[in-house]
Amino acid sequence: MRFGLYGLHRDRNVDPAVLARRARMAEEAGFESLWVGDHIALPAGEGNPPRLEAMIALTYLAAVTSRVRLGVGLIVLPQRQPVLLAKQLTSLDVLSGGRLTVAVGAGYVEPELNAMGVTLAERGARTDEYLAAMRALWDAAPSFDGRFVSFSGVVQHPSPVQRPHPPIVVGGHSAAAYRRAVRHGSGWYGWGLDVDETGQALRALAEAARREERPAELGELEITLTPPGPPDLDTVRRYAEVGVDRLIIELEGIDDDAVDGVIASVGDTLVGQV
């Protein structure tokens with residue numbers, strides 16, 4: 001089992017000194033990866049803490065760490081311009097020495113999607129097309145002709161360190177997300193599921209895999225999950241038994257004064273035990 005940490009781009013962590021200190025602390029504690037989320041403009045009210053923009057936060061994390069992998073997830077793909085995003089992700093992969101993982105989703109916050117010029121109805125189609133467009137750029141294809149994005153006679157340099165591109169993880173609990181993960185993803189990312197719910201999701205993924213053609217070069221689908229709260233060792237073992245490869249510990253809901261302790265305790269009690 002590998003362990004990631006999610007949420008260092010939010011709340012008090014927007015202070016650059018706090019962000020750098022906790023990122024290095026997590027790296028030293030043995031976390032395999034640090035993850036940031038992608039919301040640009042959420043409805044006013046509760047559940048909208050201060051947060052740094054995902055690409056910029058990861059660039060900072062790349063500069064203050066040296067070994068830990070860096071995950072953006074879930075990036076709300078339909079509200080990003082894919083030609084620019086492909087360049088940003090390549091640049092992050094190069095500057096981090098090939099430590100980037102990209103988790104994508106179709107999004108669900110309609111006011112946010114609308115603010116970025118996207119309707120809820122077309123988010124799935126945009127997600128699939130944007131993935132294809134970015135792959136074309138990473139493969140140095142000189143043209144792409146889609147419904148939402150087209151280009152011709154252009155290429156991007158340099159190429160990502162990880163070839164043909166950084167690992168793509170597909171998030172979401174819908175049938176469309178399961179199909180997308182099977183067709184396009186190195187892995188699948190589930191959010192907030194307990195062990196039983198995770199088992200149900202993995203059975204749905206297995207059913208999608210029986211119906212969808214999976215490119216052989218993608219290999220076995222890696223399973224990443226954020227549990228409802230920091231798990232104990234027994235719960236971690238139960239997740240491993242149902243097929244989870246990586247657990248990402250979420251900091252939301254944890255008092256800021258307790259965050260350092262959570263980072264240390266996961267390192268002491270979980271990393272290397274499963």
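- For Asp194 against Tyr239, the heavy-atom pair with the smallest separation is CA-OH, 3.3 Å.
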Item to check | Test salt bridge (Lys or Arg N to Asp or Glu O under 4.0 Å) applied to Arg22 and Asp256, step by step | outcome: CA-CA 11 Å; Arg22 285 179 170 163; Asp256 186 74; 2.9 Å; yes
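- In summary, the side chains of Thr235 and Asp232 do present a donor paired with an acceptor at a separation below 3.5 Å, with no hydrogens or angles considered.
- Separating the CG atom in Leu92 from the CD1 atom in Ile56 is a distance of 10.0 Å, to the nearest 0.5 Å.
- Listed for the Gln79 side chain is no donor-acceptor partner under 3.5 Å among the backbone atoms of Val118.
- Linking ILVMFWY side-chain heavy atoms closer than 4.5 Å, directly or via other members, places Trp35 and Val64 in two distinct hydrophobic clusters.
- Hydrophobic clustering (side-chain heavy atoms under 4.5 Å, transitive across Ile, Leu, Val, Met, Phe, Trp, Tyr) groups Leu19 together with Val14.
- Of the inter-residue distances, the one linking His9 atom NE2 with Glu53 atom CD reads 10.0 Å to the nearest 0.5 angstrom.
- Between the CD atom of Glu112 and the CG atom of Leu120 there is a distance of 11.5 Å, given to the nearest 0.5 Å.
- Under a 3.5 Å cut-off, the side chain of Arg214 and the backbone N or O of Ala181 do form a donor-acceptor pair.
- Residues Arg69 and Pro167 have side chains in contact (heavy-atom distance under 4.5 Å, counting atoms from C-beta outward).
- A donor-acceptor pair is defined here as one N or O able to donate and one able to accept, closer than 3.5 Å; such a pair exists between the side chain of Gln156 and the backbone of Val83.
- Screening Leu89, Leu100, Val161 for a side-chain contact (heavy atoms from CB on, under 4.5 Å) with Val94, the sole residue that qualifies is Val161.
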Item to check | Derivation and outcome, side-chain contact (heavy atoms from CB on, under 4.5 Å), residues Val76 and Met116 | outcome: CA-CA 11 Å; Val76 185; Met116 301 300 292; over 6 Å; no
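- The main-chain N or O of Trp191 is found under 3.5 Å from a side-chain atom of His173 such that the two form a donor-acceptor pair.
- Within a 6.0 Å radius of CD in Glu217, other residues, nucleotides and ligands contribute more than 12 heavy atoms.
- Judged by distance alone, with hydrogens and angles left aside, the side-chain atoms of Arg180 form no donor-acceptor pair with the main-chain N or O of Ala106 at under 3.5 Å.
- A search for side chain to side chain donor-acceptor pair (under 3.5 Å) contacts involving Arg183 returns Glu212, not counting sequence neighbours.
- Glu197 CD to Leu202 CG: the interatomic distance, rounded to the nearest 0.5 Å, is 12.0 Å.
- A donor-acceptor pair shorter than 3.5 Å can be found between the side chains of Thr224 and Arg246.
- Hydrophobic clustering (side-chain heavy atoms under 4.5 Å, transitive across Ile, Leu, Val, Met, Phe, Trp, Tyr) groups Leu247 together with Val170.
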Next on the checklist: Please evaluate residues Met134 and Val149 with respect to the criterion side-chain contact (heavy atoms from CB on, under 4.5 Å), reporting the C-alpha separation (whole Å), side-chain torsions for both, the decisive distance (0.1 Å), and the verdict.
Outcome noted: CA-CA 10 Å; Met134 291 194 299; Val149 58; over 6 Å; no
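- Both Val36 and Leu70 belong to a common hydrophobic cluster when Ile, Leu, Val, Met, Phe, Trp and Tyr are linked at side-chain heavy-atom distances under 4.5 angstrom.
- Between the side chain of Asn13 and the main chain of Arg10, a donor-acceptor pair closer than 3.5 Å is present.
- Linking ILVMFWY residues whenever their side-chain heavy atoms come closer than 4.5 Å, directly or via other members, places Tyr130 and Val102 in the same cluster.
- Although no hydrogens or angles enter the test, the distance criterion places a donor-acceptor pair under 3.5 Å between the side chain of Asp93 and the main chain of Gln162.
- Although no hydrogens or angles enter the test, the distance criterion places no donor-acceptor pair under 3.5 Å between the side chain of Arg179 and the main chain of Ala208.
- With respect to Glu207 and Arg210, a salt bridge is recorded, a charged nitrogen being found less than 4.0 Å from a carboxylate O.
- Heavy-atom minimum distance, Trp188 versus Ala201: CH2-CB, 3.7 Å.
- Nearest heavy-atom pair across Ile263 and Phe31 is O-CE1, 3.6 Å.
- Counted within 6.0 Å of CZ on Arg67, heavy atoms from surrounding residues, nucleotides or ligands total more than 12; the atom is thus considered enclosed.
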Item to check | Worked verdict on Ser66 versus Glu27 for side-chain contact (heavy atoms from CB on, under 4.5 Å) | outcome: CA-CA 8 Å; Ser66 59; Glu27 184 172 60; 3.9 Å; yes
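- Between Met25 atom CE and Leu8 atom CG the span is 10.5 Å, to the nearest 0.5 Å.
- Looking only at side-chain heavy atoms (C-beta outward), Leu42 and Arg51 come within less than 4.5 Å of each other.
- Remark: side-chain polar atoms of Arg135 are paired, donor with acceptor, to backbone N or O of His184 under 3.5 angstrom.
- For Glu222 (side chain) and Asp245 (main-chain N/O), no donor-acceptor pair under 3.5 Å exists by modelled atom type.
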